[in-house]
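First up is the structure itself, then whatever we jot down about it.
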Amino acid sequence: MSKKSIFSLLAILIVLGVYTYEHFLKEEEQVEIITEGKAVKNNTNEYFLPTSTTGQIVHHEGFSLSYSEPHEQAEWVAYELKKGHLTNTNFKRPYFEIDKAVKTGAASWRNYKNSGFDRGHLCPAGDRKYSQNAHDETFLTSNISPQVHDFNSGIWNTLEQKVRYWASKYDGVFVVTGGVLKGQMKTIGNEKVSVPNQFYKVLIDNNTGKTKMIAFLMPHENSSKPLYEFVVSVDEVEALTGIDFFPELDDTIENKLEASSSYKDWSFN
DNA sequence: CTGGCCGAC
DNA sequence: GTCGGCCAG
């Protein structure tokens with residue numbers, strides 16, 4: 001074989017290699033197919049996206065979010081927590097990182113340094129332990145909100161554990177969570193990250209045949225009250241935040257379920 | 001589980 | 001800047 005043909009062969013191999021590599025990268029990034037106002041994950045048919053009041057929705061492997069640039073945090077983070085997602089694996093805690101997928105620039109973790117506030121996960125690390133990547137993604141600053149430590153490790157943690165219990169019991173729930181980014185708020189850091197005065201969590205179970213919802217609204221302080229004392233209607237959270245949580249749902253079902261603040265279908269044992 | 005802080009490299 | 005170890009609710 002001549003030197004020239006060896007060179008040609010090498011060139012072809014390199015081009016082929018780069019092409020395969022880029023194709024692989026694209027497949028890694030494009031875990032989901034996005035249509036207007038709704039993300040249809042190809043591994044589930046139970047994925048609901050709320051509306052965005054900010055116009056900036058970002059998708060990751062383990063969750064989607066709507067980023068509020070003025071408040072330097074997500075107005076909501078949404079993800080499906082399936083029974084199969086729950087594992088005992090103990091991943092090492094990674095460092096918090098700025099989310100480069102947020103085009104307007106996600107907050108730096110430095111804002112939280114010496115602020116007296118926790119870097120509180122919206123999608124808990126404990127909900128994404130089915131893979132190293134999904135776990136580490138929860139440490140992106142787009143998934144973080146300033147939280148009082150006693151609240152974060154207290155009743156908010158209790159609620160997150162209850163969500164995992166329900167995910168196990170009902171074989172999966174869809175979760176939307178965030179701080180209420182309204183009214184007068186304290187801010188921290190150079191980027192003035194807002195400290196929400198309330199946090200909410202909205203759940204829908206569309207797996208067990210009969211669709212059911214529940215919503216929680218909590219003041220940003222620890223409490224020894226039982227969780228069901230914080231149950232409100234989805235309508236109330238929508239009125240407070242301006243977010244429409246389940247726009248794809250059949251209107252008749254949506255209106256009925258979102259108006260209810262009953263928690264009889266959810267086991268608090 | 002939820003986190004912070006501190007010192008070594 | 002990053003990592004490991006140790007601390008607390």
Side-chain angles (χ1 to χ4, degrees), chain A residues 62-63 65 72-74 76-100 105-170 172-173 175-180 186-191 193-201 203 216-230 266-269:
Chain A
F63 57 88
L65 65 99
E72 287 294 3
Q73 64 195 276
W76 53 255
V77 169
Y79 59 98
E80 188 184 27
L81 181 57
K82 295 187 184 188
K83 189 175 186 174
H85 288 151
L86 302 169
T87 73
N88 290 325
T89 48
N90 223 349
F91 292 116
K92 188 182 65 177
R93 286 173 69 86
Y95 209 71
F96 287 92
E97 273 185 37
I98 297 171
D99 187 349
K100 289 172 183 157
S108 163
W109 54 269
R110 295 176 191 279
N111 294 291
Y112 293 76
K113 187 90 174 170
N114 299 321
S115 71
F117 290 88
D118 276 11
R119 302 157 173 96
H121 282 75
L122 294 174
C123 174
D127 284 3
R128 305 283 83 158
K129 297 179 86 173
Y130 55 88
S131 83
Q132 180 83 59
N133 184 54
H135 172 263
D136 290 359
E137 271 181 351
T138 70
F139 287 79
L140 294 170
T141 55
S142 54
N143 184 46
I144 300 298
S145 178
Q147 288 183 330
V148 171
H149 183 70
D150 286 353
F151 171 76
N152 189 18
S153 66
I155 193 160
W156 189 249
N157 186 23
T158 305
L159 176 56
E160 289 174 339
Q161 293 183 39
K162 187 63 76 182
V163 171
R164 284 190 277 274
Y165 165 74
W166 284 325
S168 170
K169 186 181 180 68
Y170 305 132
V173 290
V175 187
V176 184
T177 192
V180 177
K186 179 188 167 67
T187 63
I188 58 168
N190 292 333
E191 291 177 286
V193 180
S194 299
V195 181
N197 297 309
Q198 294 165 292
F199 286 90
Y200 69 86
K201 210 176 270 290
L203 311 179
F216 294 85
L217 182 67
M218 290 184 169
H220 190 180
E221 61 189 13
N222 196 19
S223 170
S224 54
K225 289 182 188 170
L227 285 178
Y228 55 77
E229 299 247 354
F230 298 96
W266 298 79
S267 166
F268 278 85
N269 294 332

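Below, read A as the first sequence line, B as the second, and so on, with proteins coming before strands; counting in each chain starts at 1.
- Atom CZ of A:Arg110 sits about 12.0 Å away from atom OG1 of A:Thr141, to the nearest 0.5 Å.
- A donor-acceptor pair is defined here as one N or O able to donate and one able to accept, closer than 3.5 Å; such a pair exists between the side chain of A:Lys129 and the backbone of A:Thr89.
- For the side chain to side chain donor-acceptor pair (under 3.5 Å) with A:Ser145, the qualifying choice from A:Gln73, A:Arg119, A:His220 is A:Gln73, the only one to do so.
- Whole-Å rounding puts the A:Asn90 CG to B:dT2 C1' distance at 13 Å.
- Side-chain N/O atoms of A:Arg119 include none lying less than 4.0 angstrom from OP1 or OP2 on B:dT2.
- Note on A:Lys92: every side-chain N or O is 4.0 Å or more away from OP1 and OP2 of C:dC3.
- Taking atom CZ on A:Arg93 and atom P on C:dG5, their separation rounds to 15 Å, with Å as the unit.
- Residue A:Asn222 contributes atom CG, which lies 19 Å from atom P of B:dC1 at whole-angstrom precision.
- In this structure, A:Asp127 reaches neither bases nor backbone, as no heavy-atom distance under 4.0 Å exists between it and the strands shown.
- Dashed line: the shortest gap from a side-chain N or O of A:His121 to OP1 or OP2 of B:dT2 is not under 4.0 Å.
- Here the P atom of nucleotide C:dA8 and the CZ atom of A:Phe151 are 24 Å apart, to the nearest Å.
- Within the model, atoms CD1 of A:Ile144 and CH2 of A:Trp109 stand 13.0 Å from one another, a figure rounded to the nearest 0.5 Å.
- Between A:Phe216 and A:Ile155, every side-chain heavy-atom pair lies at or beyond the 4.5 Å cut-off.
- Spacing between atom CG of A:Asp136 and atom P of C:dC3 amounts to 11 Å, rounded to whole angstrom units.
- For A:Phe96 and A:Tyr112, the gap between ring centers reaches or exceeds 6.0 Å.
- For the pair A:Trp109 CH2 and C:dC3 C1', the interatomic distance rounds to 13 Å; values are reported in whole Å.
- Taking atom CD1 on A:Ile155 and atom C1' on C:dG9, their separation rounds to 14 Å, with Å as the unit.
- Among the heavy atoms of the strands, none lies under 4.0 Å from A:Gln147.
- Heavy-atom nearest nucleotides on DNA chain B were determined for A:Asn114 and for A:Gln161, and the one closer to the 5' end corresponds to A:Gln161.
- Rounded to an integer number of Å, the gap from CZ of A:Phe139 to C1' of C:dG1 is 18 Å.
- The phosphate of B:dC1 (OP1 or OP2) has a side-chain N or O of A:Lys129 nearer than 4.0 angstrom.
- At B:dC1, none of the side-chain N or O atoms of A:Asn88 fall inside 4.0 Å of OP1 or OP2 (strictly under the cut-off).
- Between A:Arg164 and the phosphate of B:dC1, there is no side-chain N or O to OP1/OP2 separation shorter than 4.0 Å.
- For A:Asn152, a side-chain nitrogen or oxygen approaches OP1 or OP2 of B:dG3 to under 4.0 Å.
- Among the nucleotides C:dG1, B:dG4, B:dT2, the one closest to the side chain of A:Arg110 is C:dG1.
- Among the atoms of the strands shown, only primed sugar atoms or phosphate atoms (P, OP1, OP2) are found under 4.0 Å from some heavy atom of A:Gly126.
- Nearest to the side-chain atoms of A:Tyr95 among the listed nucleotides C:dT2, C:dG1, B:dG3 stands C:dT2.
- Nucleic acid contact class of A:Asp118 (heavy atoms, under 4.0 Å, all strands): sugar-phosphate only.
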